[in-house]
Amino acid sequence: MPPLLSVERLTKYFAGLAALKDVSFEVEEGQICGLIGPNGAGKTTLFSIIAGSVSPSSGTITYSGKDVTRWKSFQAVRAGVARTHQITRPFRSMTTRQNVEIGLHFGRGPASGSTWGEVAEILEGVGLGRVADRPAASLCVGDQKRLELARTLAAKPKLLLCDEVCSGLTETEMNEVLDLLRRIRGRGTTILYVEHNMRAIMSTCDQVVVLNFGEKLTEGPPLKIQNDPAVIEAYLGKTAAD
Amino acid sequence: MRAASTQMGRFLNYRVAGWGTLLIVLGILPWFGISSNLTRLLFTALVWIIASVAWNLLGGVTGQVSFGFAVFYGLGAYAAAMGINGGLHPLAAFTISGLVAALASIFIGLPTFRLRGPYFAIATIGVSEAVRVVMTNLSFTGGASGYRIAEHGRFRPLEHYYTALGFSAVAVVISAWIHESKFGLSLQAVREDEEAAADIGVNPLKAKLMVHLLAATLTGIAGGVYARYAAYIHPQGVFGFHTSVAILLMPIIGGAGTVAGPVIGGFVYGLVQEELVAAFPQFHLLLYGALLIVIILFEPRGVTGWLGRLRGFIERIWRKSATASVG
């Protein structure tokens, strides 16, 4: 079976500076694929290109057998690729429920004409039922993270792009979110997951891609990555690897 | 869930009842022998309300502050004027007003909607001024000396009044529908965060173009209704910068992003403006400027915001006195 997503020789220059150089990898359907790397490695750029908010300088992206290299973000969402934001971006003056409703209506569409029940189900699923009618601006950081995820899930992605959903969360909150990601995958959604927190990556991912200075350093299952000297060097410096 | 939906239903019924009452009052008011001057003032206010409600859809709900609505108002005015002079029925002429303005909205929207915030606002000023200059120099519309409408038959103020009332009712219904609809949700999302909206499937450019088209159509019709009443229009008037500012000011005074706000703002502006111009021929614009600053600094929701606070205040006193009488 061909991979759900395949990225080939993706390159992106920002004003002459290469943020990504010749990055290639594949994500199989049903996987949770981690994307890690030190600060400035190009993770978020790569993400934005796949999600359609930034277009690459060169290279191709194939999703579900179609060339989608230069699609716009709303087209990506309707085809089933949706992202969350590392820094949450709720529609602040709208209620939590309305935030989710937009995702439901403008993504791959609600299951039926009446969206009330479906929205409630999504909100309960991420634990936001109790703040459904509060303005999104009034939610605490953890709830805003959940809302970011809920709104994106409402668009019913086949490939979910998660950008650091665990940053700023407490240990307990993080475990809840990771459980949620596993449940989402359990329902057949493929996940590409950018994360700084190593424990989060190691406990959820099937496959990990490591970026460093805009280039792919290595890829493989989490255990192999964890013990790879090149990865340790990239994160901690040369002497630590010795 | 059922409780919530019936509660919503009751809320909607109250609102429909409120708007219906206002419509009936305005509908029967002329039969109570109000002065011709009041009829004229109300007519003016109703025309402004159409444009104010229209601007609010783009400026208030979608957050795209345009200083260029005089373009639609003026094009609508000229289109209706020429249509009526060409022998069209007034309603057919107003339809053309709406269509011409709608067409213009696409040509203006496609390039300017690529700009954000203040840059969009500045671009609309440029477009608006360019159109005014062109219209001032266009010979077949009479250029700077303006254009006269020669309508046969007696002048019937009430016919104009009811035309304006009808179209403003239509504008309010459209606005209320948008505030409740899926389309309205996407517009609010674009106002709050355009990129985040695109990231969950909203096409921001399409949403902005569509609401711009709708707002332009309504504003064009308002211009047409005004032109037929005034029987004489000129570029410095209908295409003037002060027209754009008036159309923007009303919804902000009343409360941008709400259904009632632009209507309240339109009434306030329509009824007060003339007195202000008469009392302070030089300073009335300064007053608006000061008013705008006060509103934006202290109550961005305008009159509707003040009313909301007032209601909260009365409810608190009510509750306090109720508990006091129990205790």
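Chain letters run A, B, ... following the sequence lines, proteins first, then strands; residues in each count from 1.
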**Complete:** Scanning both residues in full, the closest heavy-atom pair of B:A196 with A:R151 reads CB-NH2, 3.8 Å
**Asked** Taking everything shown except A:R182 itself, do over 12 heavy atoms lie less than 6.0 Å from its CZ?
**Response** yes
**Prompt:** Which of the residues A:A82, A:A51, A:G103, A:A155 is involved in the greatest number of heavy-atom pairs with chain B at under 4.5 angstrom?
**Reply:** A:G103
**Asked** Top residue by heavy-atom pair count (under 4.5 Å) with chain B, among A:E148, A:M94, A:R92?
**Response** A:M94
**Request:** Verify the distance criterion only: is there a donor paired with an acceptor across the side chains of B:E192 and A:S93 at less than 3.5 Å?
**Result:** yes
**Message:** Can you confirm whether A:F91 sits close enough to B:R191 that some side-chain heavy atom of one is under 4.5 Å from a side-chain heavy atom of the other?
**Reply:** no
**Item:** Spacing of CG belonging to B:D193 relative to OG1 belonging to A:T88, to within rounding of 0.5 Å
**Value:** 10.0 Å
**Closest non-hydrogen atom pair between B:D199 and A:S53, with its separation** = OD1-OG, 4.2 Å
**Request:** Can you tell which part of A:H85 gets under 4.5 Å to a heavy atom of chain B, answering side chain, backbone, both or neither?
**Result:** side chain
**Asked** Of the backbone (N, CA, C, O) and the side chain (C-beta and beyond), which part of A:R78 lies under 4.5 Å from a heavy atom of chain B, both, or neither?
**Response** side chain
**Message:** For the NZ atom of A:K72 and the CG atom of B:L205, what is their distance to the nearest 0.5 Å?
**Reply:** 8.0 Å
**Prompt:** Would B:K182 count as a cation-pi partner of A:F106, with NZ or CZ less than 6.0 Å from the six-membered ring centre and within 45° of the ring normal?
**Reply:** yes
**Request:** Could you pull out the closest heavy-atom pair between B:L185 and A:I102, with the gap in Å?
**Result:** O-CD1, 3.5 Å
**Request:** Quick one: pull up NE2 in A:H105 and OG in B:S181 and give me the separation to the nearest 0.5 Å.
**Result:** 9.0 Å
**Prompt:** When rounded to the nearest 0.5 angstrom, what distance separates CG in A:N99 from CD1 in B:I200?
**Reply:** 7.0 Å
**Message:** Does atom CG (B:L297) have a neighbourhood of more than 12 heavy atoms from anything else shown, all under 6.0 Å?
**Reply:** yes
